[in-house]
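To keep things clear, I will list the structure first and then write my remarks on it.
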Amino acid sequence: MTKEQKITGNITPPNKDLETLKKHFPQCFDKSGNLDFEKFKKQLSATEINFSKESYGMDWLGKSYARLLATDETTTLLKEDETFNQKKENANSENLLIKGDNLEVLKHLSNAYYEKIKMIYIDPPYNTGSDGFVYQDDRKFTKDELQELAGISEERAKRILDFTQSKSNSHSAWLTFMYPRLYIAKQLLKEDGVIFISIDDNEVAQLRLLMDEVFGEENFRGEIIRATGTTTGQTAKKVGSSYDTLLCYSKTDYFEFSGINLKGKDLNRFNNDDNDGKGKYALLQLRKTGNADRKEDREGMFFPIMSPDNTEVYPVGPTNYLSRWRVGKKTYETMIKENLIIWKKEDLSDVKEIFIGEEKYKTIWKPYVKYYLEGRTKKVSNLWTDIDGNKKGSIEIKDLFGFSAFSNPKPIDFINKTIEISDIIDEDIILDFFAGSGTTADAVMQLNAEDGGNRKFILAQLPELIDQKNNKTAYDFVKNELKVAIPTIFEITKERLIRASKKIQEENKDKDLSNQDLGFKIFETMPIWEDYNFEADELDAQQMLLFDESKLTKEDIKALLVTWKTYDGVSLTQTIQETDLSGYTAHYSNGKLYLMDKGFKTENLKTLLEKIDSDKDFNPTTIIAFGYHFDSKNLREISENIKSYANKKSIDIDFITRY
Ligand SMILES: C[S@@+](CC[C@H](N)C(=O)[O-])C[C@H]1O[C@@H](n2cnc3c(N)ncnc32)[C@H](O)[C@@H]1O
């Protein structure tokens, strides 16, 4: 198949919802692919789905604009920091740090990383009024365009443009900022993926409703209170704040939390050891304690058992009521066989007397069960007071830089806990698109070094200018030590990752870290060339003249290649091979062959077809040519030859001319 695409401005997040509907309810679509909603409703009613009669949700000025932003095309390309990425420690890394506005970054990732991310942690601006959050975007819609694209009234379009252009920090502005990012983030999550968002009082109520809307209320997993270790903002009129909130949502019902390994005071009761290799254990009363501990709660767990001196023992509660054991008879017998039961003699003053029917029972024996530590975990609660507070985050940064290079970083321990409970397996990817100082990456690398895991990270950070007045030390450090002319937070993120990696290697000299991924690759967004922006259906000879391709540098073409391959589903860390076709260099990865350069001739085409024929590792299913570097005769020749070759071999090869 031969196609033309204007793809540079066409990178939008995939929406698989329609695909899923079509797959499962083909009978509800007409010939032209339109959904017959009444049919669909009937179909669902037949499967006992009830339709909610109440419509409940959140509306704000800018919601339709936010929806538009979520599906609107990118305004940037992606380019690689080749010098950095080719360094020995980074060359094979699958970790990523991407510089740019995260909305653009997420859009670029949306095909290659669709449903590839296991866990997202973000710590967005809390919109406290003093954290510098203001709404900013460089999309230049006119009132009429916005009215048409978002399907809204003239008056609403005007009000939206007013606030998007007025550096607002209203709730509406914050929600408009967050919605498109969360919308795309959800597409990136695996089916069993999970997202955590740090937030505080200022926006928690708005965020909860927004998340209900984007992720679905049924995927709400918890609102966790994290003690920050300090109290701020207390006045005579307002209580101080000693916590922030961590909202947790899953992508679907497939997600399950993993338990938390026991630490600290939870370990105190595991103080017995038989030195038989089974490790430490605690002793629990065999009698059920706490709630539902009465005979009538579980009749089957009330039965006599034999004490070491062959007297019958019954479960008796503290105030002499008939209680029950923790287990039924069968499990109890297995426990005896496995040597899990221990008997202790009670203090004579503790001896209970009860009547079972007419009989009076009295025993001085009390049974206990061994409760081994090995494999024991704790379920997640929504109150986190057992981890390091915010001061620790600042100390961690100071340890690495020698000064406070970043204000209010989260402590590593906190991020570790979110990772620990997210049921992450070895190669899973963790994404943080409000990277800040890069705590998430530091936590991932530290955990991997500790347990030999191979988790990967992807971080995105805006090149936000460092405020020279408020953070002079950081500003001077980036300018003078890192030699970056315009100091931005991104440079701090990058430097933290480099330093954290070094520190981990130094601290783990006794371990073999050779299989650990302690490097990372850097990419960044760059604006698309101004006059490159016209629509695919306008691609006629006259339009093409509007763009002067001769001014594109080698670097520009490389950026186009990186952007396109990522759009085509090839991950950023997957290398693209240079393929020599008799003097013409093509680029090949994952079945995609890119012809980007000028000068493709008949002999190169011949070599290309011969290579497909003879090289079993070279199987392009799509060949993509950069239209501006080919003339129409050229393109026709390639298209016809590929078509007849594919027909002859009964294979499918698409040929796409892309602009
Ligand atoms: C609260 S901080 C995150 C701190 C981080 N959790 C840590 O431990 O260091 C939020 C970060 O998001 C960045 N940010 C804000 N808007 C952004 C955007 N549109 N794209 C990418 N990063 C952004 C800010 O520059 C800031 O560094």
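Because only heavy atoms are used, hydrogens play no part in the values below, and waters and symmetry mates are left out as well, while side chains stay in. The residues of the chain are indexed from 1 along the displayed sequence. This is a predicted model, so every value here is computed, not measured.
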Quiz item: Got a sec: does the CG of Asp253 have more than 12 other heavy atoms crowding it under 6.0 Å?
Solution: no

Quiz prompt | Val327 vs Met335 side-chain heavy atoms within contact, under 4.5 Å | solution = yes

Quiz item: How about Tyr121 and Thr439: does a side-chain donor come under 3.5 Å of a side-chain acceptor?
Solution: no

Quiz item: Quick one: side chain to side chain donor-acceptor pair (under 3.5 Å) partners of Asp276, sequence neighbours excluded?
Solution: none

Quiz prompt | Side chain Glu346, main chain Ile364, donor-acceptor under 3.5 Å | solution = no

Quiz item: If you draw a 6.0 Å radius around CD in Glu217, do more than 12 non-hydrogen atoms from other residues or ligands fall strictly inside?
Solution: no

Quiz item: Does the side chain of Asp309 pick up a donor-acceptor pair with the side chain of Trp365 at under 3.5 Å?
Solution: yes

Which donor-acceptor pairs under 3.5 Å do side chains of residues 175-193 form with protein atoms, sequence neighbours excluded?
residue	atom	partner	partner atom	Å
Thr176	OG1	Trp60	NE1	3.1
Thr176	OG1	Ser172	O	2.6
Arg181	NE	Asn102	OD1	2.6
Arg181	NH1	Phe177	O	2.7
Arg181	NH2	Asp101	OD1	2.9
Arg181	NH2	Asp101	OD2	3.4
Lys186	NZ	Val214	O	3.2
Lys190	NZ	Asp428	OD1	2.8
Asp192	OD2	Lys118	NZ	3.4

Quiz item: Which atom names give the shortest non-hydrogen contact between Thr493 and Gly436, and what distance separates them?
Solution: OG1-O, 2.8 Å

Quiz item: With sequence neighbours excluded, what pairs up with Tyr372 under the side chain to side chain donor-acceptor pair (under 3.5 Å) test?
Solution: none

Quiz item: Going from CG on Asp244 to CG on Asp201, what distance comes out if it is rounded to the nearest 0.5 angstrom?
Solution: 9.5 Å

Exercise. Using the side chain to side chain contact (heavy atoms under 4.5 Å, CB included) rule, pick out the option among Phe457, Tyr113, Phe520 that qualifies with Leu96.
Key: Tyr113

Quiz item: Do Leu340 and Tyr368 touch side chain to side chain, with heavy atoms closer than 4.5 Å?
Solution: no

Quiz item: Does some side-chain heavy atom of Pro315 sit less than 4.5 Å from a side-chain heavy atom of Leu322?
Solution: no

Quiz item: Do you know the tightest heavy-atom contact between Leu246 and Thr418?
Solution: CD2-CG2, 3.7 Å

Exercise. With the side chain counted from C-beta on, respond yes when Ser437 and Gln461 share a heavy-atom pair under 4.5 Å apart, and no when they do not.
Key: no

Quiz prompt | Minimum heavy-atom distance Gly452-Asp426, with the two atoms named | solution = O-OD1, 4.4 Å

Self-check item: From CG (Asn261) to CG (Asp266), nearest 0.5 Å
Solution: 11.0 Å

Quiz prompt | Partners passing side chain to side chain donor-acceptor pair (under 3.5 Å) against Glu299 (at least two apart in sequence or in another chain) | solution = Lys295

Quiz item: Between Lys278 and Glu338, does at least one N-O distance fall below 4.0 Å, as a salt bridge requires?
Solution: no

Quiz item: Sub-3.5 Å donor-acceptor pair from the side chain of Ser93 to the main-chain atoms of Gly519, do we have one?
Solution: yes

Exercise. Could you tell me the separation between the CD atom of Gln505 and the NZ atom of Lys509, rounded to the nearest 0.5 Å?
Key: 10.0 Å

Quiz item: For atom CD of Glu374, is the number of surrounding heavy atoms from other residues, nucleotides or ligands below 6.0 Å larger than 12?
Solution: no

Self-check item: Qualifying residues under side-chain contact (heavy atoms from CB on, under 4.5 Å), relative to Phe270, sequence neighbours excluded
Solution: Leu262, Lys280, Ala282, Tyr371, Leu373, Arg376

Quiz item: Do any N or O atoms from the side chain of Glu359 and from the backbone of Ile354 form a donor-acceptor pair under 3.5 angstrom?
Solution: no

Quiz prompt | Residue of the set Leu109, Asp432, Leu97 for which side chain to side chain contact (heavy atoms under 4.5 Å, CB included) holds with Ile458 | solution = Leu109

Quiz item: Just by modelled atom types, is the Thr252 backbone N or O under 3.5 Å from a matching donor or acceptor in the Ser250 side chain?
Solution: yes

Practice problem: Without swapping roles, check the side chain of Thr289 against the backbone of Gln285 for a donor-acceptor pair under 3.5 Å. | Solution: no

Practice problem: Over all heavy atoms of both residues, which pair between Ile260 and Lys379 is shortest? Give the atoms and the distance, please. | Solution: CD1-O, 4.4 Å

Exercise. Just jot down the salt bridge (charged side-chain N to carboxylate O under 4.0 Å, His left out) partners of Lys503, sequence neighbours excluded, or say none.
Key: Glu507

Quiz item: Do we see a donor-acceptor contact under 3.5 Å between the side chains of Asn127 and Glu203?
Solution: yes

Quiz item: If you take all heavy atoms of Gly317 and Ser323, which pair is closest and at what distance?
Solution: N-CB, 3.6 Å

Self-check item: Close side-chain approach of Ile342 and Leu283, heavy atoms under 4.5 Å
Solution: yes

Exercise. For residues 329-362, pull every pair meeting ring-ring contact (aromatic ring centres under 6.0 Å, His included), keeping only residues two or more places apart or in separate chains.
Key: Tyr314-Tyr361

Practice problem: Kindly state each residue pair satisfying ring-ring contact (aromatic ring centres under 6.0 Å, His included) with at least one member in residues 201-251, sequence neighbours excluded. | Solution: Phe220-Tyr249

Quiz item: Can you list every side chain to side chain donor-acceptor pair (under 3.5 Å) pair that touches residues 229-240, not counting sequence neighbours?
Solution: Thr231-Ser242

Quiz item: Who are the salt bridge (charged side-chain N to carboxylate O under 4.0 Å, His left out) partners of Asp517, not counting sequence neighbours?
Solution: Lys456

Quiz item: Are Lys251 and Glu115 ion-paired here, with the side-chain N under 4.0 Å from a carboxylate O?
Solution: yes

Practice problem: May I ask you to check whether over 12 heavy atoms, not counting those of Glu312, lie within 6.0 Å of atom CD? | Solution: yes

Practice problem: Give a yes/no verdict on a cation-pi contact between Arg221 and Phe255, requiring under 6.0 Å between NZ or CZ and the six-membered ring centre and an angle within 45° of the axis. | Solution: no

Quiz item: What closest approach, in Å, do Met301 and Gly328 show between heavy atoms, and which atom pair accounts for it?
Solution: CG-N, 3.9 Å

Quiz item: Does any N or O in the side chain of Asp442 come within less than 3.5 Å of the main-chain N or O of Arg496, such that one atom is a donor and the other an acceptor?
Solution: no

Please report, to 0.1 Å, the donor-acceptor pairs under 3.5 Å made by any side chain of residues 382-399, with sequence neighbours excluded.
residue	atom	partner	partner atom	Å
Trp384	NE1	Ser381	O	2.9
Asp386	OD1	Lys417	NZ	3.1
Asp386	OD2	Lys417	NZ	3.4
Asp388	OD2	Lys392	NZ	3.2
Asn390	OD1	Arg226	NH1	3.0
Asn390	OD1	Arg226	NH2	2.7
Glu396	OE1	Ile412	N	3.0

Quiz prompt | Side-chain donor-acceptor contact under 3.5 Å, Asn271 with Tyr281 | solution = no

Exercise. Can you sort out the partners of Ser514 under side chain to side chain donor-acceptor pair (under 3.5 Å), two or more places apart, ordered by chain and number?
Key: Asp512

Practice problem: Check the pair Asp297, Arg324 against salt bridge (charged side-chain N to carboxylate O under 4.0 Å, His left out), reporting the backbone distance first and the verdict last. | Solution: CA-CA 8 Å; Asp297 290 320; Arg324 67 171 180 96; 5.2 Å; no

Exercise. Would you confirm whether Asp131, through its side chain, and Tyr126, through its main-chain N or O, come within 3.5 Å as a donor-acceptor pair?
Key: yes

Self-check item: Whether Phe40 and Phe37 hold their rings parallel, tilted or perpendicular, with breakpoints at 30° and 60°
Solution: tilted

Quiz prompt | Heavy-atom check, side chain of Gln446 versus side chain of Ile504, under 4.5 Å | solution = yes

